[in-house]
There are 2 protein chains.
Amino acid sequence: MDTALDLHSIRIVRAIAEHGTISGAARALGFSQPAISQHLRRVEGRLGVPLVVRAGRGVRLTEPGQVIARHAITITSALDAASGDLADLVGLASGLVRVAAFPTASSTVVPRFLQAMRDAHPGITVSYVEAEPPEAIGMLREGLVDLAVTFAYPGDRADPHRDPDASVETVPLYTEPVVIALPADHALAAGETVELARLADARWIAGCPLCRGHLLAACEAVGVTPRIDLETDNAIAVLNLVGAGLGVALLPQLALATAPVPPGAVVRSTSPSSDRSIQVIVQSGSQRVPSIAAALAAMRALDGADWGLRRS
Amino acid sequence: MDTALDLHSIRIVRAIAEHGTISGAARALGFSQPAISQHLRRVEGRLGVPLVVRAGRGVRLTEPGQVIARHAITITSALDAASGDLADLVGLASGLVRVAAFPTASSTVVPRFLQAMRDAHPGITVSYVEAEPPEAIGMLREGLVDLAVTFAYPGDRADPHRDPDASVETVPLYTEPVVIALPADHALAAGETVELARLADARWIAGCPLCRGHLLAACEAVGVTPRIDLETDNAIAVLNLVGAGLGVALLPQLALATAPVPPGAVVRSTSPSSDRSIQVIVQSGSQRVPSIAAALAAMRALDGADWGLRRS
DNA sequence: TGCCCCGAATAATCCCACGTTATGAATGCC
DNA sequence: GGCATTCATAACGTGGGATTATTCGGGGCA
C-alpha cells in the first residue's frame with residue numbers, strides 16, 4: 001500500500017483516462033503498448049483492485065481508477081511546480097548565494113562582484129555579510145554562507161590551503177602585495193623600498209589579528225622583534241596614525257583603495273617583499289550548484305588590477 | 001528532466017531534510033544507508049545538480065535540495081490523499097455501485113438489496129435505475145451501470161448465458177416459476193395445474209416483449225398458436241384484466257408479490273411447467289472491485305423464498 | 001593531541017522491475 | 001464476412017536499485 005502508487009502508474013492512469021485506450025496512452029507516454037498493459041497489471045496486483053476493465057474496443061476506468069485519475073492532476077501539477085522551480089535553479093533564473101568577505105573587500109571587490117552578478121544573472125539574489133577570515137570560514141563550515149572571501153598570509157596556520165581538509169575547497173583569486181606606510185619624514189621614506197631589518201627600533205601600528213601575526217612573522221624572519229604600540233583594524237585610522245608620525249605599519253595594498261594616504265604618510269614596498277593571497281572558499285561539492293558556480297565564475301572574472309591586485 | 005524526479009527521490013530528500021543525516025533517513029525509510037547514498041548520486045546525476053553536501057558528521061541540503069524538500073510536503077500529502085481515497089475504496093468505506101433491474105424487481109428484490117447494502121456497508125452509495133433486461137444489458141455494456149439484474153426465459157436469444165461473450169459475466173440468482181392466471185370461472189380453473197395444450201381457443205393477455213416471446217414459445221411447444229388480444233407490461237393491469245374475464249395470461253411468480261390477485265382471477269401452475277431465471281450481469285473483471293463484489297455478494301445472499309423464488 | 005565512534009562513500013554482487021519485440025484473440029467497422 | 005484496431009500473452013534482455021562488506025573522513029572526548 002505504501003509503495004504501491006508511484007508516479008509512473010499515476011501518469012499511466014491519467015493518460016488512459018484521457019485517451020480511453022491503452023495504446024493511445026502508450027503512444028502519448030512514449031512506450032510500447034504491452035509496457036502499459038503489464039504495468040497496469042502489476043499495479044493492480046499490488047493494489048488488489050482493478051483499475052481498468054475492457055470495454056469493447058478500448059478500456060474503461062473502474063472507480064478506483066477514476067479516483068486515481070482525479071488525484072493525478074493535483075499530484076502531477078505539484079510535481080511540475082517542483083521541477084519548474086528546480087529548472088529555474090539550474091537555469092540560473094533563480095537562486096540565492098550567500099557571501100561573506102573580509103572588511104577591506106567590502107568596499108572594493110564585493111561591490112564590483114555584486115554588480116557583475118546582478119548584470120549577468122538578475123534572477124539570482126546575493127546576500128552579503130562582512131566577516132574576518134576565521135569567522136567567514138566558520139560560517140562556511142556551519143552552512144551559513146556559500147562563499148567565503150578570505151585572505152591568508154604565507155605560513156598562516158589557519159589557512160585552509162595547507163590543511164588538507166576535504167570539506168572545503170579554496171579557489172585563489174589574487175595576490176595582494178603588502179606595503180609599508182611610514183611617516184613622510186621618516187629616515188627610510190626616501191628610498192623606493194624599505195628594508196624591514198632596519199626598523200628594529202620603530203614603533204609599530206598593528207592591524208587585525210591576522211595582520212598582526214604577519215607583522216610578527218615578517219619581522220622575525222629578519223631577526224627583529226617589533227615594538228607594537230598601537231593596534232586597530234581600521235585601515236583609515238592606521239594611515240592617519242602613521243601620518244601623525246606615531247609609528248609605521250604594514251598594510252595590505254587593498255587598504256589603500258579604501259582610504260586616501262594622508263599628506264604626512266608615504267607608502268613604500270618592503271624588502272623582503274611579502275604578499276598575501278586573496279581567495280574564495282566554498283564547501284566541497286557546492287561548486288556544482290549552478291548559482292554558486294555562477295558566483296564563483298563572476299568572482300574569478302573580476303579584474304582587480306586598478307587596486308594593485310595581481311591574478312593568481 | 002522529465003523522469004528525473006520520482007517519488008522515491010522526493011521521499012528521500014524529505015527524510016534527509018528531517019533527519020539531517022543519510023543514515024537516519026535510511027532508517028526512517030527502511031533502507032540501508034548505501035541505498036540512499038547511491039540513489040542520491042543517481043538523482044543528482046540525472047538532475048545535474050547536487051542535492052546534498054557533506055557537512056561534518058552529517059549532510060546538508062543544497063538549495064536545490066531544499067526546494068525539493070519544500071515541495072515534498074505538498075506532493076506527498078496529495079499522494080497520501082489519493083491512497084487514502086483508494087484505501088477507503090478497497091476497505092468498503094466508500095464507493096458507488098450503479099444497479100439496473102427489471103421493473104418487477106424494483107418493488108421486491110431491489111429494496112431488500114438496498115437495505116442489506118446500507119446495513120452492511122453504510123459508506124457505499126448505491127444508485128438504481130429500472131430497465132428491462134435488454135436495456136439494462138445495454139447500459140452495462142456502455143458502462144452506465146455496474147450491475148444489471150435481468151431475467152431470461154429458456155431459449156431466449158438475447159440471453160447472455162448462451163452467448164459466449166467474454167465482456168460480461170452472468171451470475172445466476174433465482175429460478176422463478178411462471179404461472180398462469182385465468183378467470184375464476186374458467187373451465188380449467190378447477191384443477192391444480194393447467195395444460196397449455198388445452199388453451200388453443202383462449203384469449204391471451206401478453207406482458208412485456210420478452211414475456212410475450214415466451215408465451216409464443218411455450219404455446220408453440222405444445223402445438224398451439226395463442227390468440228393475443230391484449231398487451232400490457234403492467235402486471236396489476238394484467239391480473240385485473242384476467243379478473244374481469246377478458247382473457248388468460250402467463251405471469252412470472254414475482255408479479256404476484258407486487259399485486260394482489262383480484263377476486264375474479266385464480267393462479268395455477270402450468271403443464272408443461274416453465275421457469276425463467278433471474279440473474280445479475282456484471283462487466284468482466286469488475287467483480288474484483290470491492291464495492292461491486294460486495295454488492296454482488298449482498299445480492300446472492302438475498303432470500304427470495306417468500307416471493308416464491310428458488311435459489312439457482 | 002591522539003583515540004574512538006559514527007556517518008558517508010565505494011566496491012562487488014544480485015535480482016526483480018520494467019522495457020522491448022513477436023504473436024494471438026477479441027471487437028467494431030465497412 | 002474481411003479488415004483494422006486494440007488488448008493480452010509469451011519470451012527475453014537490460015539496468016535500476018537493493019544488499020553486504022569495507023574504507024575513509026570528521027567530531028567528540030579524555
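Labels below follow one simple rule: chain letters A, B, ... track the order of the sequence lines, proteins then strands, and each chain is numbered from 1.
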>> So, using side chain to side chain donor-acceptor pair (under 3.5 Å) as the criterion, who are the partners of B/Arg54 when residues are at least two apart?
In response: none
> So which of residues 49-66 of chain B are in contact with DNA chain D, with a heavy-atom cut-off of under 4.0 Å?
Replying inline: B/Gly56
> Across the strands shown, which category fits B/Arg41 at heavy-atom distances under 4.0 angstrom: base, sugar-phosphate, nothing?
Replying inline: sugar-phosphate
>> Rounded to whole Å, please give me the gap between CD in B/Gln38 and P in D/dT20.
In response: 12 Å
> For B/Asp6 and C/dC18, what is the distance between atoms CG and C1' respectively, to the nearest whole Å?
Replying inline: 14 Å
> Can you list the residues that meet the salt bridge (Lys or Arg N to Asp or Glu O under 4.0 Å) rule with B/Glu135, with sequence neighbours excluded?
Replying inline: none
> Does A/Ser23 have a side-chain nitrogen or oxygen under 4.0 Å from the phosphate oxygens OP1 or OP2 of D/dT5?
Replying inline: no
> A/Glu231: what forms a salt bridge (Lys or Arg N to Asp or Glu O under 4.0 Å) with it, not counting sequence neighbours?
Replying inline: A/Arg212
> Looking at residues 29-37 of chain A, who's got a heavy atom less than 4.0 Å off DNA chain C?
Replying inline: A/Phe31, A/Ser32, A/Pro34, A/Ala35
>> Checking the side chain of A/Asp146 only, and the main-chain atoms of A/Val97 only, is there a donor and an acceptor separated by less than 3.5 Å?
In response: no
> What's the CD1-C1' distance between B/Ile22 and D/dG25, to the nearest Å?
Replying inline: 14 Å
>> When the axes are fitted on five pairs at both termini, how much does the helix from C/dT1-D/dA30 to C/dC30-D/dG1 curve, in 10° steps?
In response: 40°
